[in-house]
There are 2 protein chains.
Amino acid sequence: MKATETIAALGALAHDTRLEAFRLLVQRGPDGLPAGVIADRLKVLPSSLTFHLQQLAHAGLVTQRRVGRQLFYAADFNAMNGLVAYLTENCCGGTASCAPACAPAETGKARKSDRRSA
Amino acid sequence: MKATETIAALGALAHDTRLEAFRLLVQRGPDGLPAGVIADRLKVLPSSLTFHLQQLAHAGLVTQRRVGRQLFYAADFNAMNGLVAYLTENCCGGTASCAPACAPAETGKARKSDRRSA
DNA sequence: AATTCATTTCGATATTTGGTGAAATGTCGT
DNA sequence: ACGACATTTCACCAAATATCGAAATGAATT
């Protein structure tokens, strides 16, 4: 991931509504949610939500697909992956020093028990 | 780290000059750099740099300390740590699924050979 | 206390961003 | 083809952000 894309992604997430929307989509998994549901949950006007979802989409963080008359949005985990990778690699002191949230390097305790698709 | 702080941090990093400045400070380590040097490296006017450094400082990503007549800025690794933690925990599918940048759990291939400064 | 250096503050201005509601688009069911 | 529904597009406005240069502040040197 290049710096330009990173900036786009950071900027896209740097907003209350958008961060919330993205978190919702991440929770929901690859299936995503229709715009209406998101707008409803987040209590924002549909036109406003479209604006924010487009920001996320333009930054490559979410994808869009039509299902009937609904538009489903889903988090792009690959993009998020790239963002976190960029941050840990470039903004965390070389290669390490900011990786405590994910480091399961210790031999035992692999916590892979969150397979929920909701 | 709360969502509000996260948004502040994301917004602070979501800018060309600021991301570059922060990366520079991260590279430099805890000692940091005086404002003048940063402005020089980044080719921005001092007044402009102050503005951006303040954004970073306000977001808690950098700290300031005076040394003689210079003001040294340094990256706050703890804050960055918290940011990455928040993202991996809240925006990466529960607890895992976005942690390949830091997971050296696999026995072999640890690629720590990308020391490019661009 | 006057000068110089490093940095910040200030004021003006251009640009971008975010929010709103009304209209337009696309899709389905009949 | 028509009407209902889901979502987007548009036009407008307010507020935040970015940039610039000039002036002000703080610290060191003489």
Side-chain angles (χ1 to χ4, degrees), chain A residues 3-25 28 31-76, chain B residues 3-25 28 31-76:
Chain A
T4 309
E5 306 171 72
T6 302
I7 289 168
L10 290 169
L13 291 176
H15 187 279
D16 196 22
T17 300
R18 291 195 294 263
L19 185 59
E20 242 188 301
F22 188 72
R23 290 218 288 160
L24 194 58
L25 292 177
R28 182 63 178 205
D31 290 351
L33 285 171
V37 173
I38 306 174
D40 198 50
R41 291 257 200 117
L42 268 50
K43 303 267 207 307
V44 296
L45 292 177
S47 63
S48 193
L49 183 72
T50 296
F51 171 74
H52 292 300
L53 287 177
Q54 278 174 349
Q55 307 257 90
L56 288 169
H58 185 257
L61 289 168
V62 303
T63 57
Q64 206 189 35
R65 81 178 195 282
R66 180 144 234 145
V67 176
R69 55 179 108 177
Q70 295 178 313
L71 274 169
F72 277 71
Y73 286 88
D76 184 325
Chain B
T4 309
E5 307 172 72
T6 302
I7 289 168
L10 291 170
L13 291 176
H15 186 278
D16 196 21
T17 300
R18 292 194 294 263
L19 184 61
E20 243 188 300
F22 188 72
R23 290 218 288 159
L24 194 58
L25 292 176
R28 181 64 177 204
D31 290 351
L33 285 170
V37 173
I38 306 174
D40 197 49
R41 292 258 200 118
L42 268 50
K43 303 267 206 306
V44 296
L45 292 178
S47 62
S48 193
L49 183 72
T50 295
F51 171 74
H52 291 300
L53 286 177
Q54 278 174 349
Q55 306 258 90
L56 287 169
H58 185 257
L61 289 168
V62 304
T63 58
Q64 207 188 36
R65 81 178 197 282
R66 177 143 236 148
V67 177
R69 55 179 107 178
Q70 295 177 313
L71 275 170
F72 276 72
Y73 286 89
D76 185 324

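Note: hydrogens, waters and symmetry copies are ignored here, and every other heavy atom, side chains too, is used. In what follows, chains carry the letters A, B, and so on, assigned in the order in which the sequence lines appear, proteins first and then strands, with residues in each chain numbered from 1.
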Identify every side-chain donor-acceptor pair in residues 6-24 of chain A under 3.5 Å, counting partners at least two apart or on other chains, and give the distances.
from: A:T6; atom 1: OG1; to: A:K2; atom 2: O; distance (Å): 2.8
from: A:H15; atom 1: ND1; to: A:T17; atom 2: N; distance (Å): 3.1
from: A:R18; atom 1: NE; to: A:A12; atom 2: O; distance (Å): 2.6
from: A:R18; atom 1: NH1; to: A:H52; atom 2: ND1; distance (Å): 3.0
from: A:R18; atom 1: NH2; to: A:G11; atom 2: O; distance (Å): 3.2
from: A:R23; atom 1: NE; to: B:Y86; atom 2: OH; distance (Å): 3.3
from: A:R23; atom 1: NH1; to: B:N90; atom 2: OD1; distance (Å): 2.6

Close side-chain approach of A:L25 to A:I38, heavy-atom, < 4.5 Å: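 Counting from C-beta outward, A:L25 and A:I38 do come under 4.5 Å.
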
Pairs where residues 54-64 of chain A contributes a residue and the test side-chain hydrogen bond (donor to acceptor under 3.5 Å, both in side chains) is met, not counting sequence neighbours: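 Sorted result for residues 54-64 of chain A: A:Q64-A:Y73.
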
Pairs where residues 40-51 of chain B contributes a residue and the test side-chain hydrogen bond (donor to acceptor under 3.5 Å, both in side chains) is met, not counting sequence neighbours: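 Qualifying pairs, neighbours excluded: none.
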
Base versus backbone protein contacts along nucleotides 3-18 of chain C [heavy-atom cut-off under 4.0 Å; B, S, -]: -BBSSBB--------B

Closest non-hydrogen atom pair, A:L53 against A:A35: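 Heavy atoms only, the tightest pair is CD1-CB, 4.4 Å.
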
Considering all heavy atoms, the nearest B:R66-B:R69 contact: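 Closest approach of B:R66 to B:R69, heavy atoms only: NH2-O, 3.7 Å.
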
End axis versus end axis in the helix from C:dA1-D:dT30 to C:dT30-D:dA1, the angle rounded to 10°, five pairs used at each terminus: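 Answer rounded to 10°: the end axes differ by 30°.
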
Results of side-chain contact (heavy atoms from CB on, under 4.5 Å) for A:R65 - residues two or more places apart only: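 Result, side-chain contact (heavy atoms from CB on, under 4.5 Å) vs A:R65: A:V67, A:F72.
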
Whole Å only: how far is the [atom1] atom of [X] from the [atom2] atom of [N]?
X: A:I7; N: D:dA18; atom1: CD1; atom2: C1'; value: 14 Å
X: A:L45; N: D:dT8; atom1: CG; atom2: P; value: 13 Å
X: A:R65; N: C:dG26; atom1: CZ; atom2: C1'; value: 18 Å

